[in-house]
2 protein chains.
Amino acid sequence: MGRKQTKSGKIRLTEVAKLAGVSPITASRFFRNPEALSLSKRERVDSAVKELGYVPNLAARALASHRTEVIGVVIPSLTNNVFADVLRGVYDSSEGSRYSIQLANTRYSILQEEKLLRLFRAQKPAGLIVTGINQTTESRAILESMNCPVTQIMEIGESPVDMMVGFSHYDAGFAAISHILEQGCRRIGFLGARMDPRVQRRFEGYRDAMKAASLFDPNLIVTTSVPTTVTLGGTLFADLLAQAPDIDAVFCVNDDLALGVLFECQRRQMSVPGDLAIVGFNDLEFMASAVPSLTSVRTNRYEMGRHAVTMLIDAIEGRRPREPVLNLGFQLMVRESSTPQST
Amino acid sequence: MGRKQTKSGKIRLTEVAKLAGVSPITASRFFRNPEALSLSKRERVDSAVKELGYVPNLAARALASHRTEVIGVVIPSLTNNVFADVLRGVYDSSEGSRYSIQLANTRYSILQEEKLLRLFRAQKPAGLIVTGINQTTESRAILESMNCPVTQIMEIGESPVDMMVGFSHYDAGFAAISHILEQGCRRIGFLGARMDPRVQRRFEGYRDAMKAASLFDPNLIVTTSVPTTVTLGGTLFADLLAQAPDIDAVFCVNDDLALGVLFECQRRQMSVPGDLAIVGFNDLEFMASAVPSLTSVRTNRYEMGRHAVTMLIDAIEGRRPREPVLNLGFQLMVRESSTPQST
DNA sequence: ACAATTATTGACAGCGCTACCATCGGATTG
DNA sequence: CAATCCGATGGTAGCGCTGTCAATAATTGT
């Protein structure tokens with residue numbers, strides 16, 4: 001015969017059905033569509049399941065039904081707090097649904113992303129959430145061959161693979177700089193770390209706002225590809241000061257850098273915002289709490305996660321949104337660090 | 001007949017085998033154990049796979065082989081930075097192996113944990129990593145019925161389900177307090193948020209160290225079950241000051257709280273460490289960068305993640321470690337915030 | 001040169017579940 | 001009262017892959 005006998009202890013759906021006195025297919029329906037069963041059978045199956053301690057075999061289910069109830073989520077980093085909030089939204093809105101979340105981490109590697117997408121494809125997820133809009137041609141091809149709804153999150157742009165939820169990093173960067181300019185600052189430095197595509201677009205917002213005010217100067221810019229840390233904020237700021245000692249404001253591409261700048265100012269006895277205005281990005285929780293409180297651009301990360309999942313589930317279940325691209329915008333949270341007059 | 005014809009475009013292993021001129025089972029072996037094939041067949045299968053764009057069906061594989069190559073990781077939070085580091089270790093050491101990581105988030109809910117473990121069980125993972133040692137009886141039963149290696153991480157204790165990697169939170173808390181006592185502080189406050197089991201044990205370390213010095217006083221303690229934030233650190237500290245105005249040090253169960261306390265001191269013009277010594281826990285990156293730099297207890301989170309996976313894979317592949325419990329210890333990172341004399 | 005061993009390969013059956021259709025009793029209708 | 005419909009249930013036939021073991025080819029030793 002084929003293979004060794006099924007372990008005696010193993011409970012299959014057949015056993016459950018037998019005990020409940022129904023056919024296997026009825027027992028199967030108990031899990032997928034209990035309303036379709038008569039109350040009496042439903043109860044009989046239910047107690048049989050409990051009595052035998054039946055655990056459905058997901059692989060068999062997936063094989064027979066050609067689908068799974070997994071939503072894949074591909075993000076570039078777990079260390080970056082930004083994604084923690086997105087994921088909270090994702091988990092919150094998947095809870096209560098039949099779908100379970102499977103998380104994958106590219107660590108900002110294009111190759112890793114392709115590999116993960118390939119892995120997901122082999123698993124036939126019900127839907128997929130991916131970060132950003134700068135997938136490689138190869139990744140995009142995989143996504144398009146995937147035969148399931150896909151939501152791109154964190155930013156919006158032209159030609160979505162399928163759906164998108166995000167905001168314009170360019171606009172957000174531009175708005176931040178406009179605000180600083182309004183405060184009367186003229187020499188606004190730019191501090192950037194891990195220049196991923198979204199950070200790059202924030203930079204473009206900075207650049208264009210500065211150019212529009214005829215204040216653009218390459219000396220005001222310090223960037224690195226190194227991952228962001230608070231300490232790095234201090235280091236980069238020191239570099240910036242060395243190359244442009246006359247700066248009166250700094251725009252940091254994220255809040256960790258901004259906090260690092262604040263600490264460095266404290267170390268150098270520079271007053272914030274008196275000597276220097278600081279504006280961060282993301283509006284992490286600590287920004288409001290710092291002394292002085294730090295201005296930042298709030299991005300609706302939690303909502304992004306929520307909407308991404310909601311839209312995805314709707315699409316999976318055939319209720320496609322009429323508008324595939326959802327712009328969640330941003331809010332400039334103006335605080336002490338960028339309002340010199342209030343000091 | 002059974003069901004509608006397989007979609008014409010669908011490539012199965014059989015098709016690959018046919019094109020390569022081998023039997024399906026040989027093609028199958030190409031994926032699982034390529035060394036077993038002769039070089040010529042290996043090349044033939046390889047090019048057939050590429051030509052047809054074959055994507056293996058993981059569900060079928062899992063069903064036929066009774067296993068998967070998934071390592072499940074169950075953690076209580078993604079918002080908490082602590083786990084980001086653990087996960088970095090997990091991902092780093094799973095990379096290059098055949099196993100892929102599946103992450104699940106209990107959000108500190110016991111029920112959610114049980115639900116997730118049940119889900120994992122139905123998926124027959126190759127191995128499982130779970131956080132902490134305080135599983136419910138039910139969760140523990142699921143883990144034990146799981147028929148795969150299990151590693152508990154973040155802390156160590158008696159009677160592991162299988163393996164453990166972590167450190168003693170009690171000892172760490174005790175050591176932190178001992179250090180503060182050595183600095184001459186006597187009225188050491190305790191600030192705690194989200195009192196999960198590990199935080200609870202840090203508290204016990206605090207309590208016993210204080211009792212040993214005959215300095216224990218319930219008025220020195222402020223805790224809440226609310227999740228941790230920097231802002232909360234400030235709030236709790238204000239409460240603490242109200243109830244014990246004469247404190248000369250604070251031990252915070254995590255670094256976010258400690259940062260919040262520092263900001264609150266700045267707001268109140270209290271000098272750190274002159275008026276108040278501050279010690280945090282976890283040694284997140286920003287602690288070294290704060291002004292003054294903040295003392296903390298460094299926990300080897302990255303290494304915890306790495307070892308958890310390494311041990312797990314070894315166990316999966318039959319190379320069980322001789323010692324199932326690995327204590328990674330901790331280091332007290334003494335900085336300005338707790339060394340008054342150096343100010 | 002021949003048996004003994006080892007490396008490759010293949011045939012077969014079936015993993016546990018569900019899609020598809022058929023069935024069947026009973027309620028509804030004209 | 002037959003015709004119609006509908007909700008509940010079941011039978012059959014795989015889904016795509018791999019475990020088992022047997023068969024064959026290649027290699028080695030004596």
Side-chain angles (χ1 to χ4, degrees), chain A residues 1-18 20-45 48-49 52-69 98 121-124 126 147, chain B residues 1-18 20-45 49 52-69 98 121-124 147:
Chain A
M1 77 215 61
R3 67 189 57 188
K4 80 157 177 285
Q5 206 58 20
T6 300
K7 282 199 291 294
S8 56
K10 204 68 202 168
I11 312 297
R12 301 196 304 294
L13 195 52
T14 319
E15 275 77 59
V16 173
K18 203 166 292 169
V22 299
S23 73
I25 191 69
T26 300
S28 167
R29 275 194 273 263
F30 169 77
F31 290 100
R32 293 173 295 142
N33 189 15
E35 295 77 33
L37 299 199
S38 67
L39 204 59
S40 69
K41 306 237 165 182
R42 204 185 308 177
E43 279 164 359
R44 293 231 299 282
V45 176
V49 165
L52 296 173
Y54 169 71
V55 176
N57 182 320
L58 261 34
R61 184 179 287 178
L63 179 59
S65 69
H66 297 281
R67 53 189 155 66
T68 62
E69 289 176 346
R98 60 196 312 150
R121 181 172 56 180
Q123 279 179 79
K124 303 188 193 309
N147 211 14
Chain B
M1 79 213 58
R3 66 189 60 191
K4 77 158 181 283
Q5 206 56 20
T6 300
K7 282 197 293 291
S8 56
K10 205 68 203 168
I11 312 298
R12 301 196 305 295
L13 195 52
T14 319
E15 273 79 58
V16 173
K18 204 167 293 170
V22 300
S23 72
I25 191 69
T26 300
S28 166
R29 274 193 274 262
F30 168 77
F31 290 101
R32 294 173 295 143
N33 189 15
E35 295 77 35
L37 299 200
S38 65
L39 204 59
S40 69
K41 306 237 166 188
R42 206 185 307 177
E43 280 164 0
R44 293 230 300 282
V45 176
V49 165
L52 296 173
Y54 170 71
V55 176
N57 182 320
L58 261 35
R61 183 179 289 178
L63 179 58
S65 68
H66 297 281
R67 52 188 159 65
T68 62
E69 288 176 348
R98 61 195 311 149
R121 181 173 55 180
Q123 281 179 76
K124 303 187 194 307
N147 211 14

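To find a chain, count down the sequence lines: A is the first, B the second, and so on, and within it residues start at 1. Both backbone and side-chain heavy atoms feed into the values below; hydrogens, waters and symmetry mates do not.
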Check your understanding: So which one's nearest nucleotide on DNA chain C is more toward 5', B:Gly21 or A:Ile25?
Key ->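 Counting from the 5' end, the first nearest nucleotide belongs to B:Gly21.
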Check your understanding: B:Tyr54 and B:Phe31: ring-ring contact (aromatic ring centres under 6.0 Å, His included), yes or no, with the steps?
Key -> CA-CA 12 Å; B:Tyr54 170 71; B:Phe31 290 101; 5.6 Å; yes
So, is [X] close to the [N] phosphate, meaning a side-chain N or O under 4.0 Å from OP1 or OP2?
X	N	answer
A:Arg67	C:dC17	no
B:Arg61	D:dC17	no
B:Ser38	C:dT9	yes
B:Ser65	C:dC15	no
A:Lys41	D:dA8	no

In whole angstrom, what separates [X]'s [atom1] from [N]'s [atom2]?
X	N	atom1	atom2	answer
B:Leu39	C:dT8	CG	C1'	13 Å
A:Leu58	C:dC15	CG	C1'	15 Å
B:Lys18	D:dG16	NZ	C1'	13 Å
B:Gln123	C:dG16	CD	P	17 Å
A:Glu69	C:dC17	CD	P	15 Å

Is there a donor-acceptor pair closer than 3.5 Å between any side-chain N or O of [X] and the backbone N or O of [Y]?
X	Y	value
B:Thr68	B:Lys124	yes
B:Arg42	B:Pro34	yes
A:Glu43	A:Ser40	no

Out of [options], whichever nucleotide has its closest atom nearest the side chain of [X]:
X	options	answer
A:His66	D:dC17, D:dC15, C:dG10	D:dC15
A:Leu63	C:dG16, C:dT8, C:dA11	C:dG16
B:Thr26	D:dG14, C:dT9, D:dT9	C:dT9
B:Asn57	C:dT18, D:dC17, C:dA11	D:dC17

Check your understanding: For the atom pair CG (A:Leu52) and NZ (A:Lys18), what is the distance rounded to the nearest 0.5 Å?
Key ->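 Here the interatomic distance stands at 11.0 Å.
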Review point. What does A:Arg42 touch in the nucleic acid at a heavy-atom separation under 4.0 angstrom: a base, only the sugar-phosphate, or nothing?
Key: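 Nothing, no nucleic acid heavy atom in range.
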Exercise for review: Please list, by residue number, the residues of residues 27-36 of chain A whose heavy atoms come closer than 4.0 Å to an atom of DNA chain D; answer none if no residue qualifies.
Suggested key: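 Close to the strand are A:Arg29, A:Ala36.
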Check your understanding: Can you check whether A:Val16 reaches A:Phe30 side chain to side chain, under 4.5 Å on heavy atoms?
Key ->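 Not touching, per the 4.5 Å side-chain cut-off.
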Review point. Just wondering, do A:Asn57 and A:Arg61 contact through their side chains at under 4.5 Å, heavy atoms?
Key: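 In short, these two side chains do not touch, never coming nearer than 4.5 Å.
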